[in-house]
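Have a look at the structure below, then the notes.
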Amino acid sequence: MCFHYSLTIERTEIEIQLGVHFDDEWQPVHHANGFTFLQMPVITQTNPGAVQLFNWGLIPHWVKTKADADKLRAQTLNARSETVFEKPSFRSSITNQRCLVIADGFFEWMDFQKKKYPHYIYLKNGRLFCFAGIFSSWTDKETGEHINTFSILTTKANPTMARIHNSKERMPVIIPASLYKKWLSAKLSKAEIGSFFNPYPDAEIAAHTISNLVTSRNLNSNVEEVKMPFYYPELALLK
DNA sequence: CCAGACGTTGTT
DNA sequence: GTCTGG
DNA sequence: CCAGACGTTGTT
DNA sequence: GTCTGG
């Protein structure tokens, strides 16, 4: 799974690397906590030339009230790729409402002797990447407000992620750069969509432990330092 | 028929 | 131990 | 996901 | 909206 990630590069750099327009205001985010349902940049199937800001936490179209939406979105930050075609919250989005969720790193915790050790995971080449996402547009009938939301697909962990995320052995689905266009193309069969649901190649990712600033209540975690390496002597026992 | 769920995980 | 809030 | 609470009352 | 459980 993946409930915390980062996108720490500038808007113009995102435009250059992905060849898209990004017209909204944008400040790099060092720590996006899914449970705050913040707006993050995505590229949708329906508007593949543009980066848009959607709220993390998918609200299905059939939700009736804002209260129900708020309950559900805390549980739709991720969608299991194995069941995404069946689940009521996701099945109407996977066929024709896929998106790329732009990121440059994500956070997971290792369990060791009953303590949690946060890690930052990123590509060895240092570039941005895209999670496989699905999106939905929801209208609040009380206020008329439209909210565009997304969820990040998950799959089983590759060896590096299994070592880090040792309690659950899951990881987000990452789309290889060469397949961005295909993920966003219309008329993919169920099998073609399913062919994306693989762990990302182990050899291409890197990771290190970080301090617990990432979940600090008193300090602002949305700062550059959040992803800096932090050494835990007790973890040396693992190597 | 209506009411209620609709999700992610993991499991000393 | 388990739930809620962020 | 983690951090932090973990209660009483009554309720448009 | 659509399915499950009662």
Side-chain angles (χ1 to χ4, degrees), chain A residues 1-7 29-40 55-97 101 103 105-122 131-142 147 149-158 161-173 197 199 207 209-223 226-227 230 232:
Chain A
M1 13 67 74
C2 175
F3 296 148
H4 303 258
Y5 73 93
S6 65
L7 180 58
V29 172
H30 298 93
H31 175 214
N33 176 350
F35 296 92
T36 60
F37 314 114
L38 71 176
Q39 289 199 318
M40 293 295 285
N55 290 92
W56 191 4
L58 188 143
I59 305 173
H61 63 94
W62 43 258
V63 167
K64 291 182 185 69
T65 65
K66 188 71 163 65
D68 286 348
D70 286 341
K71 259 188 246 169
L72 197 56
R73 72 200 313 201
Q75 301 165 315
T76 56
L77 296 167
N78 293 163
R80 284 180 68 90
S81 59
E82 294 90 336
T83 54
V84 71
F85 287 99
E86 286 83 45
K87 295 291 181 184
S89 295
F90 304 134
R91 62 190 174 202
S92 59
S93 292
I94 186 63
T95 310
N96 277 311
Q97 295 185 129
V101 180
F106 60 100
F107 303 87
E108 286 295 357
W109 283 258
M110 176 188 285
D111 282 12
F112 181 63
Q113 295 181 346
K114 308 214 169 185
K115 289 179 78 175
K116 307 275 189 184
Y117 296 89
H119 288 62
Y120 185 66
I121 301 102
Y122 47 97
F131 298 125
I134 51 177
F135 70 95
S136 175
S137 298
W138 181 73
T139 303
D140 185 339
K141 290 205 174 65
E142 308 252 315
I147 308 181
T149 59
F150 69 93
S151 183
I152 295 171
L153 301 192
T154 65
T155 186
K156 69 181 169 59
N158 66 25
M161 286 309 304
R163 183 182 63 79
I164 294 169
H165 195 16
N166 55 353
S167 63
K168 298 175 188 167
E169 303 199 355
R170 302 285 297 173
M171 72 180 293
V173 175
F197 301 161
T209 49
I210 57 173
S211 77
N212 59 14
L213 175 62
V214 66
T215 46
S216 170
R217 287 298 209 248
N218 307 317
L219 303 172
N220 175 16
S221 64
N222 188 24
V223 293
V226 73
K227 66 179 175 187
F230 185 91
Y232 294 92

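Because only heavy atoms are used, hydrogens play no part in the values below, and waters and symmetry mates are left out as well, while side chains stay in. Letters go in sequence order (proteins before strands), and every chain restarts at 1.
- With C1' as the reference atom, B:dC6 and C:dG6 are 23 Å apart, rounded to whole Å.
- OP1 or OP2 of B:dT8 has not a single side-chain nitrogen or oxygen of A:Arg80 nearer than 4.0 Å.
- Between the CZ atom of A:Arg170 and the C1' atom of B:dG7 there is a distance of 13 Å, given to the nearest Å.
- Here CD1 of A:Ile59 is found 8.0 Å from CG of A:Leu72. Values are rounded to the nearest 0.5 Å.
- Distance check on atom C1': B:dC2 versus D:dT9 gives 34 Å, rounded to whole Å.
- In this structure, A:Leu58 CG and A:Ile147 CD1 are separated by 11.5 Å, a value rounded to the nearest 0.5 Å.
- When ring centroids are compared, A:Phe35 and A:Phe3 come within the 6.0 Å threshold.
- Rounded to a whole Å, the CG atom of A:Leu153 is 13 Å from the C1' atom of B:dT8.
- Looking only at side-chain heavy atoms (C-beta outward), A:Met110 and A:Arg163 come within less than 4.5 Å of each other.
- Open room surrounds CD on A:Glu142; 12 or fewer heavy atoms of other groups in view lie less than 6.0 Å from it.
- A:Phe107 has its ring centre no less than 6.0 Å from the ring centre of A:His119.
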Atom pairs under 3.5 Å, N or O on each side, protein against nucleotides 2-6 of chain B: can you list them with distances?
residue	atom	partner	partner atom	Å
B:dC6	O3'	A:Ser89	OG	3.3

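- Rounded to whole Å, the P atom of C:dG5 lies 13 Å from the corresponding atom of D:dG7.
- One can place CE of A:Met161 at 14 Å from C1' of B:dT9, the figure rounded to the nearest angstrom.
- In this structure, A:Asn166 atom CG and B:dT9 atom P are separated by 15 Å, rounded to whole Å.
- Stems are defined here as 3 or more consecutive Watson-Crick or G-U wobble pairs with pairing distances under 3.5 Å; those involving DNA chain C are C:1-6 with D:1-6.
- Backbone-only contact: A:Glu169 has heavy atoms under 4.0 Å from sugar-phosphate atoms and none from a base.
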What are the atom names and distances for every N/O pair under 3.5 Å that joins the protein to nucleotides 4-6 of chain C?
residue	atom	partner	partner atom	Å
C:dG5	N2	A:Arg217	NH2	2.6

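- Taking CD1 from A:Ile152 and OH from A:Tyr5, the interatomic distance works out to 5.0 Å, rounded to the nearest 0.5 Å.
- Each of A:Asn78, A:Thr154, A:Thr155 was scored for a side chain to side chain donor-acceptor pair (under 3.5 Å) with A:Arg170, with one residue passing: A:Thr154.
- For the residue pair A:Ser6 / A:Tyr122, no side-chain donor-acceptor distance below 3.5 Å is found, with atom types taken as modelled.
- For the pair A:Arg73 and A:Phe37, the cation sits on the ring face: its NZ or CZ lies under 6.0 Å from the ring centre, inside 45° of the axis.
- The six-membered or imidazole ring of A:His4 lies away from that of A:Trp56, with a centre-to-centre distance of 6.0 Å or more.
- Distances shorter than 4.0 Å separate some side-chain N or O of A:Thr154 from OP1 or OP2 on B:dT9.
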